[in-house]
Amino acid sequence: MSEIATPVQPQRAQRYGLRNYLQMYAVAARQAVIEQLQYPAANMMFMVHILIEPVIYLVVWSSVANSQGGAIGGYTAAEFAGYYIIWTLVRQFNLAIGPQGFHWRIKEGRLAAELLRPVHPLLPDLGYYLGYKIPQTIYWLPMGILLWLLFKPEINPVAWQIAAFPVVLMLAFFVRFFFMWLLGLVCFWTERVDALFELYFAAELLFSGRLVPLEVMPVWAQNVANFLPFQWTFYFPIEVLLGRLDLPEFWPGVLAQLAWIAGGYTLVRLIWKLAVKRFTAVGS
Amino acid sequence: MLRPLKLFGLFARISILNEVQYRANFFMQVLQSSLSLGTGLIVLNVVYSYTDNLGGWSQAELLAVYGVFVLMSGLIGSLVLPNMWAFMEDVREGRLDFTLTKPEDSQVLISVRVVAIWRLVDVLLGIVVLGVAIGRMGLEASWWLAFAFAATLIMGMILLYCVLLLASILSFWFVRVWELMEMMQSIFQAGRWPVGIYPDWLRLGLTYLIPVAFAVTVPAEALTGRLTPELLAGTFVFTLVALFVTRRLWMFGLRNYSGASA
């Protein structure tokens, strides 16, 4: 730590209009698309890396279902297949900057440059990850079809559920995006973040429906899940397209998503203010 | 044969001397490993709450599979993977040239340089889980069982070393190999469960492409008395072939490597 600069304050040189913001999102999004389409092989491998996780769960739970006479927790083996194949699509959409990425960005001093820009660093991130969905969906398609043929899933959505799915999918992304950002902000206070990240992802695994549909989890886990944001990023959108949710369960779910987005956004704003005050950049 | 072991001992000593300076890292690793072990056990328990038999494996036997998985992750994570990352980094940064000028065998050198000692926490945890599983299975100890388990464990580790090195060698030709390594690490997660439960196409891949079957399921089979002498012999032959192929491809890769620092 040879040179320690003075804390950098976010600048507020001029007010930006909606047009400028939209333009900025579009640029960040286009950058994501161009960047990712350059590396098809690497991206296909990344896709396998993401897909192997639900395939393992799918195999385990459908063999458990089969050994128990065909169904557990109201899911048959074919419905488990449907659940986990939709899972893979939801996963593409709820991908957001991981806390490790945030850690890297602070450690390498990248954040210093980002702070000098006249926009909040959250916004280009948001644009980038929204644009990222386009190549991700393109790379996902062949894999999704392959999984569909291999595991012969059963899903029964009606028209409104199909129409609502893209909406809850985007809301799921926003919930996860804000909470991942929040977790990343911890790096402003400490370098030793690995154990904390591990705890966060363990909680997400158990209480989001990422591991297994929440109905299959023990009752204590379902109760805990109700107090956490995780189920709105996996379980809820999956269940919508699976056709297992009726309108009386759907609307409260959307409201919960909106509430968690509002909560996450407020927390990010509050903690960001404290965080930049602590920030000292290293290097030039 | 002894020389690589001696080199390994030397480098391990340096790594340990380096790492014990940062004792806080040990406690962080304990915390992290316990968290991931706890999560794994909760998952196993959810499965147990529905069935006591998965693909012919009882609860205690599944726990043994998980124990071998944790043990093997610790071994690979402390002894093999850090070396592979360092090697790929060296190729990219042009530092491999310095290794090549040393009078020792280059494959040995790049394979034994780093020991991430704190990851050995997972080895200990794996042994504890295995101990509990063995207690629950009511296993009768025998020399054959102990020998078969130790032999399959070592061969499994060698096989994983081979495929990981093969993947790393690709960095002689390609720039972005880390996605491949990440992919292989996530495929290794399939080893939490006995490979017999997977559909055929996946099981074949997990046996020959990325030998999760040999690394985790076969040692667990040895421990639960399912291993036949034929399978043991087959594993031995497969390990020898893999070592030979890896060696040849290493030489081939080196001939293609043109250096980057000059």
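Reminder, nothing fancy here: chain letters follow the sequence lines and each chain counts from 1. Worth knowing before you read on, the calculation uses all heavy atoms, side chains too, and leaves out hydrogens, waters and symmetry mates.
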Is B:Trp201 close to chain A through its backbone or its side chain, or both, or neither, when contacts mean heavy atoms under 4.5 Å? side chain
Can you find a pair of side-chain heavy atoms, one from B:Asn53 and one from A:Ser67, that are under 4.5 Å apart? no
Which region of B:Ile187, side chain (C-beta onward) or backbone (N, CA, C, O), has a non-hydrogen atom less than 4.5 Å from a non-hydrogen atom of chain A, or is it both or neither? both
Say you draw a straight line from CE of B:Met184 to CE of A:Met45; how long is it, rounded to the nearest 0.5 Å? 10.5 Å
Give me the atom names and distance for the closest heavy-atom approach of A:Val60 to B:Leu54. O-CD1, 4.1 Å
Show your reasoning for whether side-chain contact (heavy atoms from CB on, under 4.5 Å) applies to A:Val216 and B:Tyr50. CA-CA 9 Å; A:Val216 178; B:Tyr50 288 99; 3.5 Å; yes
Distance from A:His49 atom NE2 to B:Gln189 atom CD, nearest 0.5 Å? 10.0 Å
Cut-off 4.5 Å, heavy atoms of chain A, and the answer for B:Ser36 is both
Quick one: CD on B:Gln32 to CD on A:Glu198, what's the gap to the nearest 0.5 Å? 5.0 Å
Contacting moiety of A:Glu53, where chain B heavy atoms sit under 4.5 Å: neither
Of all of A:Ile50, A:Leu51, A:Leu205, A:Val64, which one pairs up most often with chain B through heavy atoms under 4.5 Å apart? A:Val64
Is any side-chain heavy atom of A:Ile56 closer than 4.5 Å to a side-chain heavy atom of B:Tyr198? yes
Most contact-rich option vs chain A, by heavy-atom pairs under 4.5 angstrom, among B:Thr39, B:Leu202, B:Leu31, is B:Thr39
Tell me, side chain or backbone of A:Phe197 under 4.5 Å from chain B's heavy atoms, or both, or neither? neither
Donor-acceptor pair, distance only, cut-off 3.5 Å: does the side chain of B:Glu182 make one with the backbone of A:Phe46? no
Taking C-beta and beyond as the side chain, do A:Asp194 and B:Met28 meet within less than 4.5 Å on heavy atoms? no
Non-hydrogen side-chain atoms of A:Trp61 and B:Val47 separated by less than 4.5 Å: yes
Considering residues, nucleotides and ligands other than B:Tyr208, do more than 12 of their heavy atoms fall under 6.0 Å from its OH? no
Any heavy-atom pair between the side chains of B:Pro199 and A:Leu150 that's under 4.5 Å? no
